[in-house]
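These notes are about the structure you will find just below.
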Amino acid sequence: MNDETIPASNFIRSIIDADIAANKNQGRVATRFPPEPNGYLHIGHAKSICLNFGIAEDYQGTCNLRFDDTNPHKENIEFVEAIKRDVHWLGYDWGERVYYASDYFEQLYDYAVQLIKKGKAYVCDLTPEQTREYRGTLTKPGKDSPYRDRSMEENLDLFARMRAGEFKDGEKILRAKIDMAASNMNLRDPAIYRIRHGAVHHQTGEAWSIYPMYDFTHCLSDSIEGITHSLCTLEFEDHRPLYDWFLDELEVECHPQQIEFSRLELEYTITSKRKLTRLVEEGRVEDWDDPRMPTIAGMRRRGYPPAAIRDFCERIGVTKSSNNVEMGVLENCVREDLNVHAPRRMAVLHPLKIVIENYPEGQSEELEAPNHPQNEEMGTRRIPFSRELYIDREDFREEAPKKFKRLVTGGEVRLRNAYVIRCDEVIKDGAGDIIELRCSYDPDTLSKNPEGRKVKGVIHWVSAGHAIAAEVRLYDRLFSHPHPDAAKEGGEFTDHLNPESLLTLTHCYLEATLADVLPGGHFQFEREGYFCVDPDHSRERPIFNRTVTLRDSWARIEKKNG
RNA sequence: UGGGGCGUCGCCAAGCGGUAAGGCACUGGGUUUUGAUCUCAGCAUGCGCAGGUUCGAAUCCUGCCGCCCCAGCCA
């Protein structure tokens, strides 16, 4: 990583520091990022990716990419590919170390046999419903399954036949024999293998009809890969005793340490894969990469730079406390990165035609404009100026509210990178709507202030005859409620979808230099915000997405004044 | 009311017995041909609450209170 920032420490890094000081694992650090390929990666995963890969980088360790693919009914290869693409795009590289839990199916099977031989696992014939009844409740202990004391030989035989496909889905499961009265529900003889016929696994095809469960698979996969620190979110804290139980009971050479941290809660978004899947499947958004989605693919299309997302993950920290991060933090990271890297351009989103009456008809000239006000190295560009221009309707008022410093009737304003103009006349149509402004310019104000008066306002513009027409998509938060999940009685998160999360402007005018851009390019449209070129963009049909607005203190003043 | 966690500024978050870092947000000033950027200043006598130990407590002890997670053959 070429980040210049020094990573902030956190309790996990402290644990690793102590482990290294104690020469635990011979000072080796090995982490892993273990996504299940049943959906796209989102901002919450980004936190985990940055943590795991970030630690590996900083401790000269390794971080494996491992697909937790033990549930063929929900997983598919499209998600595998998308995940790889997104992790790479975020800026991390797993080298040759991409693994699949399914790589270990054979070993896992052997481990299960080992457990049976130790009398620590048994085949259970209870139906799913019965299993639930036998499990007990939070306050009541469960009771032993009638199949709990089957002989080792019978268990071995039954388990082999499960694998051979002799039983139907749900007919039998393999369970760990622990303690049906444990106060920790996870220890009440958890399932470790279930039967799944008819699924074509994206890696193993139809080779298996039994699949291992998460708790059994995860700790052993970590162990097999020699992971030292297995980082996961808080909801797995209750699973840690089980994680350790399997590794203690089985003969393994490596017993990784599971450490839990709290998952990211970001205001105005959801990070439940189930719910994100619903948004896609119900057509509430275009797809997984819809710029409004909190997915990595969505943020990419929205124009968020990967460095900004990494910076965000750095700033929010890693703790075990419940958190509630404001959207402003993420947006600020995006602005900070783009402010430095995005070349400036001018684009008029809500065009209002103006005619400079004292500028000769048919004439035009090229004005030089810097690509970045603070960075000369980014160079300059030439933009055409002529008699007919477009400015934004927002930048003109017939009567100025107080503190308004843009164009008003009879008033002057600076055209960015060009001359000072005055509005002499307002032309309206039959309905009373303003359709054009007649103005005059002061030829002696190029790169200098006018004589004897102060012009405070500066607005952007484009030359009508040279501008290119484009579609500009203005995105806003997908939800109008900071906690979409906090639905009231009978409601659900979709009730809080923001109906104005996408505003498509089809008649925008951009300065001519924007004609040759490529998808993925970032620009600041001065005074409007940061925009990026959409993947669907073409020279014939230019499409830009608004990544984020500029900070807008005028909007706040206006709001305050009602 | 079983078990496991968490409670420090509006939001994140340092702190680990020696008298409350930092970031975001916010407020005010300066620079500015982006009401942007940049910059300067301000912003917790207080650390969920109540007791206790101590010369000294956000940090240790006790008891409360609040919030989150767990009863998938999901991960």
Side-chain angles (χ1 to χ4, degrees), chain A residues 8-10 34-36 38 68 70-71 73-75 124 126-128 131-132 135-142 169-175 181-188 190-196 211 213-215 217-218 232-241 260 262 267 273-274 314-333 335-336 339-340 344 346 369-370 372-374 403-406 413-420 445-449 455-460 524-529 549-558:
Chain A
S9 192
N10 56 52
E36 182 191 11
N38 67 342
D68 221 332
T70 57
N71 189 351
H73 283 321
K74 292 186 175 174
E75 300 151 4
C124 182
L126 254 24
T127 65
T131 304
R132 196 186 326 123
R135 187 154 35 227
T137 69
L138 294 178
T139 49
K140 279 200 293 279
D169 282 18
E171 204 176 323
K172 296 186 187 321
I173 55 171
L174 182 69
R175 294 227 255 169
S183 50
N184 181 340
M185 300 292 286
N186 297 120
L187 266 19
R188 319 247 261 228
I192 56 186
Y193 264 94
R194 77 288 216 185
I195 300 170
R196 282 270 193 277
Y211 289 90
M213 300 286 291
Y214 167 83
D215 288 303
T217 308
H218 206 88
C232 63
T233 43
L234 242 34
E235 66 270 26
F236 292 103
E237 207 153 21
D238 285 342
H239 294 242
R240 190 178 350 121
E260 311 84 12
S262 56
E267 287 189 344
K273 256 202 248 177
R274 209 194 94 248
E314 196 64 57
R315 291 193 203 191
I316 57 175
V318 179
T319 67
K320 295 184 69 147
S321 43
S322 40
N323 58 79
N324 180 46
V325 180
E326 292 171 342
M327 247 307 173
V329 180
L330 212 206
E331 291 178 340
N332 180 67
C333 292
R335 288 192 187 102
E336 246 177 58
N339 175 49
V340 174
R344 313 288 119 129
M346 291 199 284
H372 191 112
Q374 278 85 235
K403 291 201 175 176
F404 187 82
K405 54 185 201 188
R406 282 115 94 150
V413 79
R414 155 80 62 186
L415 291 180
R416 175 81 166 147
N417 299 128
Y419 306 94
V420 167
T445 52
L446 232 203
S447 304
K448 64 197 251 197
N449 287 325
V455 175
K456 268 201 301 214
V458 180
I459 64 174
H460 55 97
Q524 183 197 103
F525 289 175
E526 291 195 276
R527 304 207 315 127
E528 290 289 358
T549 60
L550 254 26
R551 287 184 65 209
D552 189 354
S553 51
W554 166 246
R556 275 184 292 158
I557 292 170
E558 260 193 325

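We name chains A, B, ... by the order of the sequence lines, and we start the count at 1 in each one.
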Q.
Check the phosphate of B:C12 against A:Thr319, side-chain N and O only, distance under 4.0 Å to OP1 or OP2. Yes or no?
A. no
Q | Nucleotide paired to B:A44 in any strand shown, Watson-Crick or G-U, under 3.5 Å | A | none
**Q.** Whole-Å gap separating P (B:G4) and CZ (A:Arg188)
**A.** 13 Å
Q. Between B:A13, B:U34, B:C12, which one does the side chain of A:Ile316 approach most closely?
A. B:C12
Q) Whole-Å distance between B:G15 C1' and A:Asn10 CG? A) 14 Å
Q. How far apart are the closest heavy atoms of A:Glu36 and A:Asn71, and which atoms are they?
A. OE2-CB, 3.9 Å
Q: Check every atom of B:U34, B:C11, B:G2 against the side chain of A:Val458 and return the nucleotide holding the closest atom.
A: B:U34
Q) What heavy-atom pair brings A:Asn324 and A:Glu267 nearest, and what distance separates the two atoms? A) ND2-OE2, 3.2 Å
Q: For A:Glu336 and for A:Trp554, locate the closest nucleotide of RNA chain B by heavy-atom distance; then report the residue assigned to the nucleotide nearer the 5' terminus.
A: A:Glu336
**Q.** Nearest heavy-atom neighbours spanning A:Asn332 and A:Arg315
**A.** ND2-NH1, 3.1 Å
Q | Salt bridge flag under 4.0 Å for residues A:Lys403 and A:Glu558 | A | no
**Q.** For B:C38, the Watson-Crick or wobble partner whose two distances fall under 3.5 Å
**A.** B:G30
Q.
Work out how far the P atom of B:A14 is from that of B:G23, and round it to whole angstrom.
A. 15 Å
Q) When the ring planes of A:Tyr214 and A:His239 are compared, do they come out parallel, tilted or perpendicular, using 30° and 60° as the limits? A) perpendicular
**Q.** Between B:A25 (P) and A:Asn323 (CG): distance, integer Å
**A.** 18 Å
Q.
Taking pairing as Watson-Crick or G-U wobble with both contacts under 3.5 Å, can you name the mate of B:G7, or confirm there isn't one?
A. B:C65
Q. Can you find an N or O donor on one side and an acceptor on the other, under 3.5 Å apart, linking the side chain of A:Gln524 with the base of B:U34?
A. yes
Q) Whole-Å distance between B:A36 C1' and A:Arg406 CZ? A) 12 Å
Q. What's the shortest heavy-atom distance between A:Arg414 and A:Lys448, and which atoms?
A. NH2-O, 2.9 Å
Q: Would you kindly check whether a donor in the side chain of A:Glu260 faces an acceptor in the base of B:G5, or vice versa, at under 3.5 angstrom?
A: no
Q: With a 3.5 angstrom cut-off on both distances, give the Watson-Crick or G-U wobble partner of B:U19, or none if there isn't one.
A: none
Q: Encode nucleotides 69-75 of chain B as B, S and - characters from 5' to 3', where the letter depends on protein heavy atoms closer than 4.0 Å: B to the base, S only to sugar-phosphate, - to neither.
A: BBBSBSB
Q. Between B:A20 and B:G28, how far is it from one C1' atom to the other, in whole Å?
A. 24 Å
Q. For B:G72, does the glycosidic angle fall within 90° of 0 (syn) or outside that (anti)?
A. syn
**Q.** Non-hydrogen atoms of A:Thr137 and A:Arg188 that approach each other most closely
**A.** O-NH2, 2.6 Å
Q.
Quick check on B:G35: is either OP1 or OP2 less than 4.0 Å from any side-chain nitrogen or oxygen of A:Arg527?
A. yes
Q | Atom-pair distance (CZ on A:Arg335; P on B:C38), nearest Å | A | 11 Å
Q. Considering only heavy atoms and no angle criterion, is a donor-acceptor pair shorter than 3.5 Å present between the side chain of A:Arg344 and the base of B:U34?
A. yes
Q.
Which nucleotide wins on minimum distance to the side chain of A:Lys320, given the candidates B:G5, B:U1, B:U37?
A. B:G5
Q: Of all the heavy-atom pairs spanning A:Tyr193 and A:Met213, show the shortest one and how long it is.
A: N-CG, 4.1 Å
Q: Please determine if a side-chain N or O atom of A:Arg556 lies less than 4.0 Å away from the OP1 or OP2 oxygen of B:U27.
A: yes
Q: Using atom CG of A:Asn324 as one end and atom C1' of B:G7 as the other, report the distance to the nearest whole Å.
A: 14 Å
Q: Consider the side chain of A:Pro373, meaning its heavy atoms from C-beta on, and name the nucleotide among B:G4, B:C24, B:A36 that approaches it most closely.
A: B:A36
Q: Under 4.0 Å between any heavy atoms, over every strand shown, what does A:Glu326 touch: base, sugar-phosphate, or nothing? Just pick one.
A: base
Q: Return the value, rounded to whole Å, for the distance between atom CD of A:Gln374 and atom C1' of B:C38.
A: 7 Å
Q: Write down the partner of B:C73 under the Watson-Crick or G-U wobble criteria, each distance required to be under 3.5 Å.
A: none
Q.
Tell me the interatomic distance from A:Lys405, atom NZ, to B:U34, atom C1', rounded to whole angstroms.
A. 10 Å
